[in-house]
Amino acid sequence: MQKHSTLGEFIIENQEHFKYSSGELSRLINSIRLAAKVVNHEVNKAGLVDILGNAGDINIQGEDQQKLDIYANNIFMQTLKNRQIVCGIASEEEDDFVTISGSDKANNSKYVVLIDPLDGSSNIDVNVSVGTIFSVYRRITESGTPVQLEDFLQKGNKQVAAGYIVYGTSTMLVYTTGHGVNGFTLNPAIGTFYLSHPKMTFPEDGTIYSINEGYYIHFPQGVKDYLKYCQLEEEDRPYKARYIGSLVSDFHRNMIKGGIYIYPTSSKAPTGKLRLLYECNPMAFLAEQAGGKASDGYMRIMDIKPTELHQRVPFFCGSKNMVAVAEKFMQNYPQDSEY
Ligand code: AHG
Ligand code: MN
Ligand code: MN
């Protein structure tokens, strides 16, 4: 029987991929693994909220109960801070980035992390899969000094690692360090992630489209045209519509089965909804590493120069050929055309 390595073993075995590696990135991924297990435990208890107490209540120890997205944010921030393996963190849940200081060791670390601690949080109340998304960059300012905004506003093509955790029917951690994408499934009985999905790839073509079609009337004409194309009775169409409303879960399904995820601009949200730094760049890195494609409809997501931490962009991501077709429909119209 083939041996299934644990995530811990896999991290050590693959450390040699990194020239001049000091093991810092390995320790960083290890911390994310640990935080993921803690958050997973809490997410799994979400259905017991009426019994154990609501967010906003005072729990038995007299502490305030936190909403799950705030809880997840705190766990990831604390785990990374306590171990002092990054010099800065930016989170979707925080207005500004956080500088990790207080010890020489922390200030000398090379990496910054960006996270969406709980993605798809509106699904928590209904027992539907949610996720965590993370992204890692090497700082560009001088080591040993406090991190600066420019360390976070790097193009996605500078990412060193990215990944997500999907808290689903089983919990998986899927990540890349630029050498393909590997997926690990948590065995909850013993709290160990095992390599269950080595070398994950997007099928080049797919038959699933994932978009919140309820907003159809507000979409740009290129998106409307593409959706009509998806629904035509021709070749392998009409495609199946599948939309969970949690990017991580929609992406995960589409990577396994073949599909496209779209969150376009709309007359209501002229720059889209998803965040470039916390959601789109990490998913784009994973998509490309898995042979897929990610675009804003006009250009590669990872080539966009970020201008602010919480910047939003339209997002087309998934099977390579499907994204290429969607881009063609978009490019029939100028990027800033009327809806
Ligand atoms: P978050 O919970 O981190 O705010 O992200 C939710 C995002 C994404 O995961 C999901 O695909 C999308 O918002 C759903 O938005 P709509 O409800 O507008 O479709
Ligand atoms: Mn999100
Ligand atoms: Mn979130």
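Residues take their numbers from the sequence shown, with the count starting at 1. One-based numbering, in listed order, for ligands and for the atoms of each. Side-chain atoms are counted along with the backbone in the values below, which use heavy atoms only and exclude waters and symmetry mates.
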Fill in: Arg237 bridged to Glu234 by N-O distance under 4.0 Å
yes
Worksheet item: Going through the checks in order, is the ring pair (Phe, Tyr, Trp, His ring centres under 6.0 Å) test met by Tyr229 and Phe329?
Response: CA-CA 9 Å; Tyr229 164 91; Phe329 278 95; 5.2 Å; yes
Practice prompt. Describe, in one word, how the ring planes of His252 and His197 are oriented to each other, choosing from parallel (under 30°), tilted (30 to 60°) and perpendicular (over 60°).
Written response: tilted
Practice prompt. Would you give the length of the straight line joining atom CZ of Phe202 to atom CE of Met255, rounded to the nearest 0.5 angstrom?
Written response: 6.0 Å
Discussion item. Could you check whether Glu288 pairs with Lys293 (Lys NZ or Arg NE/NH1/NH2 to Asp/Glu carboxylate O, under 4.0 Å)?
Written reply: no
Response to the item:
Protein-side N, O or S atoms sitting under 2.8 Å from the Mn ion (ligand 3) are Glu92 OE1, Asp116 OD1, Leu118 O
Worksheet entry | Joint cluster assignment, Met302 & Tyr175, ILVMFWY side-chain distance < 4.5 Å | no
Discussion item. Under the side chain to side chain donor-acceptor pair (under 3.5 Å) test against Tyr209, which residue among Arg242, Gln231, Lys240 passes?
Written reply: Gln231
Worksheet item: Considering residues at least two apart in sequence or located in another chain, which fulfil the side chain to side chain contact (heavy atoms under 4.5 Å, CB included) criterion with Glu9?
Response: Lys3, Ser5, Thr6, Glu13
Just list the N/O pairs, ligand 1 to protein, that are under 3.5 Å apart, with the distance for each.
unit_1, atom_1, unit_2, atom_2, d
ligand 1, 2 (O), Gly120, N, 2.8
ligand 1, 2 (O), Ser121, N, 3.0
ligand 1, 2 (O), Ser121, OG, 3.2
ligand 1, 3 (O), Glu92, OE1, 3.3
ligand 1, 3 (O), Glu92, OE2, 3.3
ligand 1, 3 (O), Asp116, OD1, 3.4
ligand 1, 3 (O), Asp116, OD2, 3.1
ligand 1, 3 (O), Leu118, O, 3.3
ligand 1, 4 (O), Arg275, NH2, 3.4
ligand 1, 5 (O), Asp119, OD1, 3.2
ligand 1, 5 (O), Glu279, OE2, 3.4
ligand 1, 9 (O), Asp119, OD1, 2.7
ligand 1, 9 (O), Asp119, OD2, 3.2
ligand 1, 9 (O), Leu247, N, 2.8
ligand 1, 11 (O), Leu247, N, 3.3
ligand 1, 11 (O), Tyr261, OH, 2.7
ligand 1, 13 (O), Lys273, NZ, 2.9
ligand 1, 15 (O), Lys273, NZ, 3.0
ligand 1, 18 (O), Tyr215, OH, 3.3
ligand 1, 18 (O), Tyr263, OH, 2.5
ligand 1, 19 (O), Asn212, ND2, 2.8
ligand 1, 19 (O), Tyr243, OH, 2.5

Item to complete: Report the hydrophobic cluster partners of Ile190, with the cluster defined as I, L, V, M, F, W, Y residues connected by side-chain heavy atoms closer than 4.5 angstrom, directly or transitively.
Response: Tyr194
Discussion item. Between the Mn ion (ligand 2) and Glu279, which N, O or S atom of the residue is the nearest one?
Written reply: OE2
Worksheet entry | Tyr111 reachable from Ile140 in the ILVMFWY side-chain graph, under 4.5 Å edges | no
